[in-house]
Amino acid sequence: MPISDVTDEQPGRVVDLRSDTVTRPGADMRRAMAEAEVGDDVFADDPTVNALQDRIAERLGFEAALFVSSGTQSNLCALLTHCGRGDEYIAGQSAHVYRWEGGGGAVLGGIQPQPLPHRADGTLDPADIAAAVKPDDPHFPRTRLLCLEDTIGGRVVPVDYLRAATGLAREHGLATHLDGARLFNAAVAAGGDPYEQARLIAGHFDSVSVCFSKGLGAPVGSALLGSREFVARALRWRKALGGGMRQAGILAAGALYALEHQVARLAEDHANAALFAEGIKGVPGLVVGDAQTNMVFAEPAPGLSAEEVQERLARRGLRCAGYPGLLRFVFHLDVSRADTEEAVRIVRDALDVAPRG
Ligand SMILES: *Cc1c(COP(=O)(O)O)cnc(C)c1O
């Protein structure tokens, strides 16, 4: 069923573009979950969790993987494994790990972030990275880790940049972590075999986090990947964080289904995002950016707040995410081409009028 049945804004059809986390498992995924063989994963006994960990590790070219409850838990396990108390990690000012995860590294690990400004394409300036690495001197925290994100704000980070930035990090003795919540969106956008492309991206990093519960459409779960030794240490942190999940094979089955069947189709989300961006370009009241993988961002024109636009759209059955001065539309498994056309129609209807006031 392509249309979500959320009905709190208006009765009937709602196209939900708030995030790619809103997808619901389809019949085949639910069947795979219901029929999953399970065991106690804290005893490493759950065959489906083990199968998922083996499969994602192989797909991304790592020795080992750990199934975790969320992307946040995955990044946090990575921070705690790479860094100790009084260490610091370098990340972008808008990086999820720095800005959107409750400061978990500081709260639970005594790990200090060193945020850096993003360039227009979402990357960090290598000169800024180099300058942020502290000398070995008791005045300073020990700089241990560079965290990058791909996709970031829907943008694909060029692989040449990943190579250069991680190379620079290594020259300075830093470990490298990729928050690849939407790694497969970047891989699919590159064209060709998506697993091959994902390996090319992931291969530059010591550890990688990838989400099954975003565009891939599983209900719950992420994986943290690294060397066998890294993952063994991360496993201790997962336990300490309360992430030992017993018969987690029920969840892992959904993630495994997503990994096997719902990667290549991300291209449809990207095509729908592009169609939507084209369709709403030139609508008065909105400055629309280019579609970047599965996301479209738009700025309300002066005199119109994001909240006001969001409300007008919601009243007509289109939900999106709103930030100060910015709207975000995210395309996913539960948004069909017909839904996309409907979303364009709604934006036009909601805004093709003189802004009030
Ligand atoms: C969603 C997201 C996460 C965190 O995932 P949760 O499962 O929501 O905790 C981490 N990084 C990025 C880039 C994300 O988009």
Side-chain angles (χ1 to χ4, degrees), residues 19-38 41 46-62 64-78 96-97 100-101 149-151 177-188 194-195 197-199 201-202 205 207-226 231 234-235 238 241 243-269 293-294 330-335:
S19 176
D20 46 9
T21 55
V22 302
T23 59
R24 291 133 200 243
D28 290 345
M29 182 184 284
R30 283 175 190 262
R31 193 170 311 115
M33 295 174 73
E35 293 172 359
E37 242 190 283
V38 297
D41 181 52
D46 189 303
T48 309
V49 171
N50 292 338
L52 173 66
Q53 290 175 162
D54 290 348
R55 189 69 54 86
I56 187 70
E58 178 208 318
R59 287 298 201 190
L60 295 184
F62 281 89
L66 190 60
F67 183 53
V68 289
S69 66
S70 68
T72 299
Q73 188 173 67
S74 191
N75 282 333
L76 182 52
C77 284
H96 203 282
V97 64
W100 296 88
E101 297 181 7
E149 193 175 309
D150 189 15
T151 62
H177 174 69
L178 176 67
D179 179 353
R182 297 188 179 85
L183 169 61
F184 283 111
N185 290 89
V188 165
Y195 302 107
Q197 294 294 343
R199 271 194 297 281
I201 297 166
F205 293 86
S207 61
V208 170
S209 172
V210 60
C211 286
F212 301 112
S213 59
K214 300 251 161 106
L216 296 191
V220 175
S222 287
L224 177 61
L225 300 109
V231 168
L235 173 65
R238 188 188 71 173
L241 295 172
M245 292 193 293
R246 307 301 175 185
Q247 284 72 42
I250 301 262
L251 300 176
L256 196 51
Y257 183 92
L259 182 61
E260 298 300 286
H261 301 284
Q262 296 181 167
V263 170
R265 65 146 308 283
L266 291 171
E268 293 170 34
D269 301 339
T293 61
N294 65 333
V330 188
F331 291 79
H332 53 76
L333 187 58
D334 290 352
V335 179

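- Considering all non-hydrogen atoms of both residues, Ala65 and Ile56 come closest at CB-CG2, 3.6 Å.
- In terms of modelled atom types and a separation under 3.5 Å, the side chain of Arg199 and the main chain of Arg59 share a donor-acceptor contact.
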Audit row: Leu225, Phe205, side chain to side chain contact (heavy atoms under 4.5 Å, CB included) steps and yes/no: CA-CA 10 Å; Leu225 300 109; Phe205 293 86; over 6 Å; no
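- The backbone N or O of Asp179 sits nowhere less than 3.5 Å from a side-chain atom of Ser209 that would complete a donor-acceptor pair.
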Begin from the C-alpha positions of Thr293 and Arg182 and carry the test side chain to side chain contact (heavy atoms under 4.5 Å, CB included) through to its verdict. CA-CA 10 Å; Thr293 61; Arg182 297 188 179 85; 6.0 Å; no
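- Of the possible donor and acceptor atoms, none in the side chain of Asn294 sits under 3.5 Å from a partner among the backbone N and O of Val330.
- Residues Ser74 and Ala223 share a closest heavy-atom pair of OG-O, 3.4 Å.
- Side-chain N or O atoms of Glu101 include none that pairs as donor or acceptor with a backbone N or O of Asn75 at under 3.5 Å.
- Residues passing the side-chain hydrogen bond (donor to acceptor under 3.5 Å, both in side chains) test with Arg246, sequence neighbours excluded: Asp40.
- Tyr257 contributes atom OH, which lies 8.5 Å from atom CZ of Arg31 (distance to the nearest 0.5 angstrom).
- Note on residues 213-225: no pairs pass side chain to side chain donor-acceptor pair (under 3.5 Å), not counting sequence neighbours.
- Among all heavy-atom pairs drawn from Phe67 and Gln53, the shortest one is N-OE1, 2.8 Å.
- Considering every non-hydrogen atom in both Ala202 and Leu183, the closest pair reads CB-CD2, 4.4 Å.
- At least one side-chain heavy atom of Val263 sits under 4.5 Å from a side-chain heavy atom of Val188.
- Rounded to the nearest 0.5 Å, atoms CG (Leu241) and CG (Leu76) are 5.0 Å apart.
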I'd like to know whether Val97 forms a side chain to side chain contact (heavy atoms under 4.5 Å, CB included) with Glu149, so could you lay out the CA-CA distance, the side-chain angles of the two residues, the decisive distance to 0.1 Å, and finally the verdict. CA-CA 9 Å; Val97 64; Glu149 193 175 309; 5.7 Å; no
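- For the pair Leu256 and Ala51, the tightest heavy-atom approach, listed with the atom from each and the gap, is CD2-CB, 4.3 Å.
- With a 6.0 Å radius and a threshold of 12 heavy atoms from other residues, nucleotides or ligands, Glu260 has its CD atom above the threshold.
- A distance-only check finds a donor-acceptor pair linking the side chain of Asp334 to the backbone of Arg24 [under 3.5 Å].
- Screening Leu251, Thr48, Asp46 against Asp41 for a side-chain contact (heavy atoms from CB on, under 4.5 Å) leaves a single residue, Asp46.
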Would Val231 and Leu224 count as a side chain to side chain contact (heavy atoms under 4.5 Å, CB included) here? Give the steps. CA-CA 8 Å; Val231 168; Leu224 177 61; 5.7 Å; no
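- Taking CG of Leu60 as the start and CZ of Arg55 as the end, the distance is 12.5 Å to the nearest 0.5 Å.
- Within the model, atoms CG of Asn185 and SG of Cys211 stand 10.5 Å from one another, a figure rounded to the nearest 0.5 Å.
- Gly254 and Met29 make their closest contact through O-CE, 3.5 Å (heavy atoms, listed as atom of the first residue, atom of the second, distance).
- Residues Leu216 and Leu266 are in side-chain contact: their nearest non-hydrogen atoms beyond the backbone lie under 4.5 Å apart.
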